[in-house]
Amino acid sequence: GENVEQHPSTLSVQEGDSAVIKCTYSDSASNYFPWYKQELGKGPQLIIDIRSNVGEKKDQRIAVTLNKTAKHFSLHITETQPEDSAVYFCAASTGTASKLTFGTGTRLQVTL
Amino acid sequence: GAVVSQHPSWVICKSGTSVKIECRSLDFQATTMFWYRQFPKQSLMLMATSNEGSKATYEQGVEKDKFLINHASLTLSTLTVTSAHPEDSSFYICSARKGQDEKLFFGSGTQLSVL
């Protein structure tokens, strides 16, 4: 089955700096890669996703890049703000009929 | 939008009792819903996949008689933790797939504490 690794497990940045979280996946058939933000005591919230036919996608301060050859994808957050502090999960799936496999999570802390 | 409502948000129960958690898709029809369990500072662990009108598919190691899942309509799935014990204490989260889209939308989670 699919295996998704995520690094780093914790990340501390100063407000205004950029944050990068990286994930690798094992199943070359995976074609959908979402990123979720989870605040304490809440369910995950979809923040951005990318499909395998696209190399990069951007939404305001958030961007995701995908390298299919290397089987890795990354989340980039620019101009970080304190409200970006949360746990971020990457995930991968092979299509609409399949389940998501989650990474182990990255705890991002944005300090003033 | 795609809103998934989960209820209750937290529940405390005595050992041996059963607890039901509801998951509703408020503004879309969800042919498939998923139930996850999450321990503190850990990732989401898929427990089962629930399709409307059919039996749930459980992941390896998840007791189907312990965690009863019912997906009676296109907008409602329930998870019942039967004869709960302290080791069942956890954060349970549901998610729903909107039609044939790959996107999954999550509920707000239920914190279960079994005394």
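Just so we're on the same page: letters track the sequence lines, and every chain starts at 1.
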Per-residue contact mode, B:Q6 against chain A (heavy atom under 4.5 angstrom): neither

Contacting region of B:L104 [heavy-atom separation from chain A under 4.5 Å]: both

Less than 4.0 Å between a side-chain N and a carboxylate O, is that true for [Y] and [X]?
X     : Y     : result
A:K57 : A:D49 : yes
B:E22 : B:R24 : yes
A:K58 : A:E56 : no

A:F89 and A:F102 aromatic ring geometry - parallel, tilted or perpendicular at 30°/60° bounds: perpendicular

Counting a contact as any heavy-atom pair under 4.5 Å apart, which residues of [range] contact chain A?
range                     : answer
residues 7-18 of chain B  : none
residues 39-70 of chain B : B:K41, B:Q42, B:S43, B:L44, B:L46, B:E59
residues 76-91 of chain B : B:F91

Take a 6.0 Å sphere around [atom1] of [X] and say whether it holds more than 12 heavy atoms from other residues, nucleotides or ligands.
X      : atom1 : result
A:L40  : CG    : no
A:E15  : CD    : yes
A:Q60  : CD    : no
B:K103 : NZ    : yes

Whichever hydrophobic residues join A:W35 through chains of side-chain contacts under 4.5 Å: A:V4, A:L11, A:V13, A:I21, A:Y25, A:F33, A:I47, A:I48, A:I50, A:V54, A:I62, A:V64, A:L66, A:F73, A:L75, A:I77, A:Y88, A:L108, A:V110

Is there a donor-acceptor contact under 3.5 Å from the side chain of [X] to the main chain of [Y]?
X     : Y     : value
A:E2  : A:D27 : yes
A:T80 : A:Q14 : yes
A:T78 : A:S18 : no

Between A:P34, A:P44, A:S9, A:G41, the one whose heavy-atom pairs under 4.5 Å with chain B are most numerous: A:P44

Under 3.5 Å side-chain donor-acceptor pair for B:E102 and A:S93: no

Region of A:Q45 that comes under 4.5 Å of a non-hydrogen atom in chain B: neither

Test ring pair (Phe, Tyr, Trp, His ring centres under 6.0 Å) applied to B:Y36 and B:F106, step by step: CA-CA 10 Å; B:Y36 295 82; B:F106 284 81; 5.5 Å; yes

